[in-house]
**Student:** 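This structure is in structure tokens; I'll ask about it shortly.
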There are 2 protein chains.
Amino acid sequence: MTIKISIDCMGGDFGPSVTVAAAVSFANREPDVEFVLVGQEAVLQTELKKLGAQNHPQLSIVHASEMVEMDDPIEIALRRKKDSSMRVALNQVKEGQAQACVSAGNTGALMAVSRYVLKTMPGVDRPAICSILPNQKKLPTYMLDLGANVDCEPLHLHQFAIMGSALVAALESKPRPTVGLLNVGEEDIKGNDVVKRTAQLLRADHERGLLNFYGNVEGNDIFKGTTDIVVCDGFVGNVTLKAVEGLGRFVKTTMTGAFKSNPLNILGALIARGALNHISKTMNPSNYNGGSLLGLRGVVIKSHGSADKYSYEWAIQRAFDAVKNDVLARITTSLAELMPVPAEASTDSSGSTEP
Amino acid sequence: MTIKISIDCMGGDFGPSVTVAAAVSFANREPDVEFVLVGQEAVLQTELKKLGAQNHPQLSIVHASEMVEMDDPIEIALRRKKDSSMRVALNQVKEGQAQACVSAGNTGALMAVSRYVLKTMPGVDRPAICSILPNQKKLPTYMLDLGANVDCEPLHLHQFAIMGSALVAALESKPRPTVGLLNVGEEDIKGNDVVKRTAQLLRADHERGLLNFYGNVEGNDIFKGTTDIVVCDGFVGNVTLKAVEGLGRFVKTTMTGAFKSNPLNILGALIARGALNHISKTMNPSNYNGGSLLGLRGVVIKSHGSADKYSYEWAIQRAFDAVKNDVLARITTSLAELMPVPAEASTDSSGSTEP
């Protein structure tokens with residue numbers, strides 16, 4: 001089965017030089033993918049020519065005259081730039097021309113335009129960004145929200161828990177994945193007001209057998225793998241994710257510096273290069289690039305704005321795997337089981353109007 | 001000059017087996033320190049005997065019959081346990097028997113009891129916990145609040161910025177250290193409501209020449225060393241700190257595993273052990289243990305509850321350095337310059353009443 005993915009080629013800090021190059025590289029090693037490259041046609045043609053891929057059979061171009069800038073307010077992205085590469089790429093999914101969309105554009109804009117174009121799933125108020133981080137159990141820890149919602153109420157965190165649970169059930173074949181609520185301590189008395197009220201909702205779901213709520217978890221539990229899913233608001237999630245990525249890069253710099261500091265260390269590094277490659281592979285934040293925008297009626301993967309080609313390919317990989325594993329249908333089914341919805345809630349509840 | 005430090009020996013996950021051992025070890029290598037060991041006398045005597053330090057000239061014991069448990073609510077610690085090792089240790093500072101206090105006890109309790117016993121500095125509503133993290137510039141990044149205040153208003157974050165600025169000015173001899181506000185993006189439009197309103201206060205101070213406000217910073221800026229100080233609320237700070245510590249331990253486990261995985265890697269590690277030692281030293285979270293409770297009229301250092309002896313010694317080191325550098329007087333002076341205070345604000349504004 002061929003999987004079709006639309007790429008918002010103009011998004012991200014480096015635009016087509018990264019996005020087109022990553023798509024070409026991915027297509028060259030994966031015969032079952034086709035890309036719809038969305039952006040300014042002339043620019044994309046130039047990029048393809050540079051890569052010797054003008055006539056690549058797995059690539060097609062859809063022109064979009066505008067682009068969403070990294071500092072564009074959401075309003076501009078949503079209401080003014082109707083022919084942006086981001087919006088046109090998402091339209092490909094809506095119209096069935098692609099089964100997933102990848103963008104490295106402005107997070108707020110991507111979330112707003114995705115909600116407008118694709119609508120949210122029944123019962124979901126706000127989509128959330130969910131990514132994986134590695135843990136000591138050699139399994140992924142799924143964490144959400146990583147930046148879509150900077151001000152959250154308990155009902156939103158509650159929905160994130162349900163969506164995360166549905167995603168992990170679908171992707172990892174775990175029928176009852178464990179959910180942890182990110183907090184400053186394990187005890188019930190710990191935390192701010194929003195987190196304490198969220199815990200009450202999650203405990204009630206746990207008692208009804210709807211969710212496998214573990215309880216509060218702390219920052220270090222992400223890497224211990226205490227729970228399959230870690231739930232937090234988008235402010236905390238985004239700051240934490242970027243901090244651990246920052247530390248990851250710092251570790252890499254420190255290691256590289258240390259192993260090059262004198263001939264003995266260089267020799268040791270050469271002999272133990274197997275070990276160093278393993279460490280580098282496990283720790284490289286690029287390998288974890290690509291967050292799912294959960295709760296939308298379509299597969300949308302957000303890449304880091306600063307992703308390089310290698311890192312962007314990982315975001316594409318997430319999109320490919322999500323479609324291949326039929327994640328969207330499985331989440332929809334799980335959500336329907338976990339979250340009973342009144343009939344009228346089947347339209348987007350975001351309050352967006354025609355931009 | 002001899003520096004006297006009181007130790008809350010019963011605090012922390014491991015109590016005297018860590019706290020007393022760390023004090024003995026520190027005293028053995030630092031002739032200019034004296035410790036007042038506070039806790040159940042019999043228990044402390046047993047511990048000292050075990051270490052062959054019953055008659056150590058730099059150590060004395062002050063008996064305290066109670067102890068604050070890790071899950072004691074603040075009310076219990078503050079109003080019921082008037083003879084806790086935590087409170088008695090803090091009283092040593094208040095009464096001039098010690099110049100600093102170190103505790104690994106319950107953070108909330110330590111903050112509340114410290115505020116009650118020592119009172120806050122003029123103009124400070126809420127003390128904050130400030131620690132250092134390493135950065136790529138090979139300098140410390142000072143970060144606060146790391147867990148004392150889980151619900152913050154802009155005025156609190158504003159005070160944290162001023163206190164952090166005063167601390168760095170005093171400790172690092174930097175008259176105008178840079179302050180960054182932790183956020184989900186650099187742009188002014190980013191962030192939640194509290195952070196946006198805090199930025200307005202900090203920008204106003206910057207324009208008046210009071211603070212050197214850099215602007216918003218992201219999680220990765222902590223390790224880039226973009227600013228000398230990173231300000232956030234205690235919820236975000238605590239989660240972030242524990243997450244990076246968790247990643248630090250994960251890195252260590254992964255490295256140890258990789259370098260022991262086969263004879264070639266073991267050989268390489270042996271040859272490059274200088275590099276590995278350097279990495280381990282830079283990355284070991286224990287070396288950064290010990291947060292200052294800023295804004296109190298006394299030096300109080302909070303150690304991690306889970307600290308081992310090595311790690312606890314670092315917390316003692318912070319207390320020692322703070323007294324040696326006369327940080328308290330220097331912060332008080334800087335605060336008075338940065339934060340004009342009405343006359344009646346010179347008493348504790350915490351609203352604590354006699355417990």
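We name chains A, B, ... by the order of the sequence lines, and we start the count at 1 in each one.
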**Student:** Please identify, among A:L133, A:T107, A:N238, the residue contributing the most non-hydrogen atom pairs under 4.5 Å to chain B.
**Tutor:** A:N238
**Student:** Is there a side chain to side chain contact (heavy atoms under 4.5 Å, CB included) between B:I279 and A:F259 once you walk through the steps?
**Tutor:** CA-CA 9 Å; B:I279 295 163; A:F259 281 114; 3.7 Å; yes
**Student:** Give the member of A:H278, A:E186, A:E218 that has the highest number of heavy-atom pairs under 4.5 Å with chain B.
**Tutor:** A:E218
**Student:** Please name the pair of heavy atoms, one in A:F235 and one in B:L182, separated by the smallest distance, quoted to 0.1 Å.
**Tutor:** CZ-O, 3.4 Å
**Student:** Check the surroundings of atom NZ in B:K252: do more than 12 heavy atoms from other residues, nucleotides or ligands lie under 6.0 Å from it?
**Tutor:** no
**Student:** Report the distance from atom CD1 of B:I271 to atom CD1 of A:I266, rounding to the nearest 0.5 Å.
**Tutor:** 12.5 Å
**Student:** What part of B:T254 is in contact with chain A, defined as an atom under 4.5 angstrom from a non-hydrogen atom: side chain, backbone, both or neither?
**Tutor:** both
**Student:** Relative to chain A, which segment of B:E187 carries a heavy atom at a distance below 4.5 Å: side chain, backbone, both, or neither?
**Tutor:** side chain
**Student:** Out of A:G268, A:S261, A:A269, return the one with the most heavy atom pairs under 4.5 angstrom to chain B.
**Tutor:** A:G268
**Student:** When heavy-atom pairs shorter than 4.5 Å are enumerated against chain B, which of A:D71, A:L267, A:N135, A:T240 gives the highest number?
**Tutor:** A:N135
**Student:** SG/B:C152 to CG/A:N192 distance, rounded to the nearest 0.5 angstrom?
**Tutor:** 9.5 Å
**Student:** Given a strict heavy-atom distance threshold of 4.5 Å, which part of B:D233 is in contact with chain A: side chain, backbone, both, or neither?
**Tutor:** neither
**Student:** B:I189, B:N149, B:D151: which one forms the most heavy-atom pairs within less than 4.5 Å of chain A?
**Tutor:** B:D151
**Student:** Heavy-atom distances under 4.5 Å only: say whether B:I222 touches chain A with side chain, backbone, both or neither.
**Tutor:** side chain
**Student:** Heavy-atom pairs under 4.5 Å with chain A: which of B:G274, B:G246, B:G147, B:G219 has the most?
**Tutor:** B:G219
**Student:** Can you name the closest pair of heavy atoms from A:G191 and B:V150 and give their distance?
**Tutor:** O-CG2, 3.5 Å
**Student:** What part of B:V195 gets closer than 4.5 Å to chain A, counting heavy atoms only: side chain, backbone, both or neither?
**Tutor:** side chain
**Student:** Can you tell which of A:N277, A:L276, A:V251, A:L270 has the highest number of heavy-atom pairs within less than 4.5 Å of chain B?
**Tutor:** A:V251
**Student:** Is the side chain of B:K242 donor-acceptor paired with the backbone N or O of A:V184 at a distance under 3.5 Å, no angle test?
**Tutor:** yes
**Student:** Donor-acceptor pair, distance only, cut-off 3.5 Å: does the side chain of B:N265 make one with the backbone of A:A275?
**Tutor:** yes
**Student:** If you round to the nearest 0.5 Å, how far is CZ of A:R249 from CD of B:Q136?
**Tutor:** 8.5 Å
**Student:** Sort out for me which of A:G237, A:A243, A:G185 touches chain B most, counting heavy-atom pairs under 4.5 Å.
**Tutor:** A:A243
